[in-house]
Amino acid sequence: MADFKEVVKASYSGNYSNDVFLQWKLKLKKTKLALSKWSREQFGDIFKQLLIREEIVKVKGKLFEQDPTIANRVVLQQAHVEYKLYLHYNEEFWRQKASIH
């Protein structure tokens with residue numbers, strides 16, 4: 001799977017027009033489409049994944065409450081880490097969306 005820089009480099013290369021502004025616009029459009037596809041492949045539906053991770057944290061939290069062992073604490077902490085990761089992706093999505101407008 002290509003990384004972010006490879007996707008940008010591959011999609012931004014090429015000449016599409018003699019008009020500099022039109023070429024720039026076309027390159028940005030192509031790069032946006034390529035990055036959208038890459039993001040879906042890399043991270044999936046971040047909104048759906050965030051909801052799933054939130055539910056997992058609830059379930060693991062109840063399990064830990066019922067049986068507060070070290071193993072269950074580790075499982076709960078891992079669930080929190082994954083939830084926070086998708087929370088970060090969600091926040092970044094909205095931050096980027098706000099900076100575009």
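Counting begins at 1 with the first residue of the sequence.
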Counting C-beta onward and ignoring hydrogens, is there a side-chain heavy-atom pair between [X] and [Y] closer than 4.5 Å?
X	Y	answer
Val81	Leu85	no
Tyr83	Leu50	yes
Leu35	Val8	yes
Leu28	Tyr12	yes
Phe47	Asn90	yes

Is there a path of hydrophobic side-chain contacts, each under 4.5 Å between heavy atoms, that joins [X] and [Y]?
X	Y	value
Tyr86	Val75	no
Ile46	Val7	yes
Leu87	Tyr89	yes

Mind checking salt bridge (Lys or Arg N to Asp or Glu O under 4.0 Å) for [X] and listing every partner two or more places apart, or none if nothing turns up?
X	result
Glu55	none
Glu54	none
Lys37	Glu41

Results of side-chain hydrogen bond (donor to acceptor under 3.5 Å, both in side chains) for [X] - residues two or more places apart only:
X	result
Lys84	none
Gln77	none
Gln78	Glu82

Minimal non-hydrogen separation, Ala79 against Ile56, with atom names:
CB-CG2, 4.0 Å
In terms of side-chain geometry, is the basic nitrogen of Arg95 or Glu92 positioned less than 4.0 Å from the acidic oxygen of its partner?
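Here Arg95 pairs with Glu92 in a salt bridge, since their nearest N and O are under 4.0 Å apart.
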Pairwise distance CG(Asp67) to CG(Leu63) - rounded to 0.5 angstrom
6.5 Å
Roughly how far, to the nearest 0.5 Å, is the NZ atom of Lys27 from the OG atom of Ser13?
7.5 Å
Is it the case that atom CG in Asn18 sees more than 12 heavy atoms from other parts of the structure closer than 6.0 Å?
no
